[in-house]
Amino acid sequence: MPRTWLEVSLDRIALNYRMIQRTAGSGIETMPVVKADAYRHGATAVSQVLEREGAKWLAVSNIEEGKALRDAGIRTRILVMADRVDSDANAWSQARLTPVIHDLREIATLHPDVSYHLKIDSGMARLGTNESAETIIAAVRGTRIEGLMTHYASSANFESEQTKSQQQYFEGIRLALEEAGIRPHYLHQASTNPLHFGLRQSWGNLARPGYAIYGFVSRPQGKAPTELLDVVPALSWKAKILLTKEIPAGAPVGYGAQFVADKPMKIGILGVGYADGLPHRLGNRGQVIAAGKYARILGAVSMDVTTVDLTGTPQLNAGDSVTLLGSEGEVSIDARQMAREAGTIAYSILCGISTRVPRHYV
Ligand SMILES: *Cc1c(COP(=O)(O)O)cnc(C)c1O
């Protein structure tokens, strides 16, 4: 057994997908987002399950991710959301990937048989075009524009007007296109948050959840109108105890002596560190689950090892394992909790788990 590993439940991914599809309802297709190696859950295995569950579309960030799925035999449509068309001219027809266009000048460089989705920057100044409706109409007329999409900056923040203003901007562009006789088959705006918080006017007919597929939703800021998705994390992260020892009161622990034992203690040295993706910021503040109880991280998280307090769990020994993410009995830690303690976001915790950590499907 390795010193640290991930356990991913593909059944759970399938259940989360079904829950989302049921919530979206008929008339809306779910396009699970499997970019960044499916938020570290494993893009190939996750995509295979989702294809089996009936997903007609998957979304990735770049051409390499799309081609890897084709090489693994995935046959769904694949939307490439954050690359340039000219990065690899063969990707679109040969690998049958579908580009998202962010820059109207890219349209002319596409083979005329390739369908594309156009992203509108509706007010977050990130990807997507912010050209006027007239300019967009002139650029897309007579081309295979299959989808029109945008993305929201503040869709979990109900104290902000930004979502409403982005919705209005997008609707303005959509209407101008419609009046010019341009009606893309797909309209899509919803990642996890707009789905979860029931922002139905932005659902269109294609939904793009990533986070919820893996069992997470954001906490709303302010008063959310509703919360619809009851999804459950699919990933657990474990580490082996390499060594246990007793230390006396006054013993300094780890780099910089950032923790000093205030009493005689039993400590465990775990085979996981920041090179595995455990945030360095968890030093002296994070916790793990040891024998079904919370156990504090003591001192600095090192590159390869992390020390925890096992004073309350005398039965644990070298060779036993603890849980960094997941649950043991009633006690659980999910990526959101770890993120709060590390001063980051759960997305970054998940994507930050290093490829050094092997993955098992359970
Ligand atoms: C990553 C991404 C998503 C998925 O977002 P989640 O919050 O993980 O659901 C949807 N759309 C775009 C454009 C993205 O980049």
Side-chain angles (χ1 to χ4, degrees), residues 10 13 17 28-121 126-129 131 136 138-151 177 182-189 191 204-210 213-214 351 355 359 361:
L10 294 172
I13 300 261
Y17 170 77
I28 301 182
E29 289 178 43
T30 302
M31 172 168 65
V33 177
V34 296
K35 64 190 178 189
D37 201 20
Y39 299 35
R40 259 312 255 140
H41 293 65
T44 299
V46 167
S47 298
Q48 284 165 344
V49 164
L50 293 169
E51 182 170 29
R52 222 175 297 139
E53 286 292 317
K56 300 281 185 297
W57 282 90
L58 295 169
V60 297
S61 275
N62 61 44
I63 292 170
E64 289 69 30
E65 290 177 343
K67 282 185 158 176
L69 291 183
R70 287 286 178 249
D71 290 345
I74 297 295
R75 294 177 10 213
T76 64
R77 297 286 303 275
I78 297 177
L79 189 68
V80 177
M81 299 194 297
D83 210 332
R84 279 195 61 91
V85 162
D86 58 11
S87 302
D88 180 345
N90 291 330
W92 318 114
S93 15
Q94 264 173 19
R96 292 177 301 107
L97 306 179
T98 303
V100 172
I101 299 276
H102 306 280
D103 174 347
L104 298 176
R105 286 169 303 190
E106 289 183 294
I107 296 172
T109 70
L110 261 187
H111 189 281
D113 289 344
V114 173
S115 306
Y116 66 90
H117 293 210
L118 178 66
K119 187 165 183 181
I120 304 298
D121 170 11
R126 212 181 55 170
L127 286 174
T129 178
E131 300 284 359
I136 293 173
V140 307
R141 196 183 285 291
T143 66
R144 300 185 70 139
I145 177 167
E146 184 188 28
L148 193 68
M149 63 185 280
T150 193
H151 194 57
L177 262 66
I182 298 163
R183 291 185 188 78
H185 180 70
Y186 289 109
L187 296 170
H188 51 112
Q189 309 167 59
S191 60
N205 56 4
L206 189 63
R208 312 189 301 260
I213 292 285
Y214 309 105
C351 297
T355 53
R359 201 168 34 214
Y361 293 101

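Quantities reported herein were computed from a predicted structural model and do not represent experimental measurements. Sequential numbering from 1 along the given sequence is applied to the chain's residues.
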Should [X] and [Y] count as side-chain neighbours, where that means a heavy-atom distance under 4.5 Å?
| X | Y | answer |
| --- | --- | --- |
| Met81 | Glu65 | no |
| Ile213 | Val33 | no |
| Leu110 | Pro99 | yes |

Donor-acceptor pair, distance only, cut-off 3.5 Å: does the side chain of Trp92 make one with the backbone of Val85? yes
Any donor-acceptor pair under 3.5 Å linking the side chain of Arg359 with the backbone of Arg40? yes
Test salt bridge (charged side-chain N to carboxylate O under 4.0 Å, His left out) applied to [X] - qualifying residues, sequence neighbours left out:
| X | answer |
| --- | --- |
| Asp103 | Arg84, Arg105 |
| Lys67 | Asp88 |
| Arg208 | none |
| Glu146 | Arg77 |

Using the side-chain contact (heavy atoms from CB on, under 4.5 Å) criterion, which residues pair with Asp71? Sequence neighbours excluded. none
Considering residues at least two apart in sequence or located in another chain, which fulfil the side-chain contact (heavy atoms from CB on, under 4.5 Å) criterion with Ile28? Ala24, Trp203, Ala207
Any residue meeting side chain to side chain donor-acceptor pair (under 3.5 Å) with [X], in chain and number order, not counting sequence neighbours:
| X | value |
| --- | --- |
| Ser191 | none |
| Gln189 | Tyr152 |
| His102 | none |
| Thr109 | none |

How long is the span from the [atom1] atom in [X] to the [atom2] atom in [Y], to the nearest 0.5 Å?
| X | Y | atom1 | atom2 | value |
| --- | --- | --- | --- | --- |
| Ile101 | Ile107 | CD1 | CD1 | 5.5 Å |
| Thr129 | Asp121 | OG1 | CG | 8.0 Å |
| Leu97 | Asp83 | CG | CG | 9.5 Å |
| His188 | Thr150 | NE2 | OG1 | 10.0 Å |
| Asn90 | His111 | CG | NE2 | 11.0 Å |
| His151 | Leu127 | NE2 | CG | 9.5 Å |

Can you name the ring-ring contact (aromatic ring centres under 6.0 Å, His included) partners of Tyr39, sequence neighbours left out? Tyr214
Side chain to side chain donor-acceptor pair (under 3.5 Å) pairs, two or more places apart, involving residues 41-63: Arg18-Glu53, Trp57-Tyr186
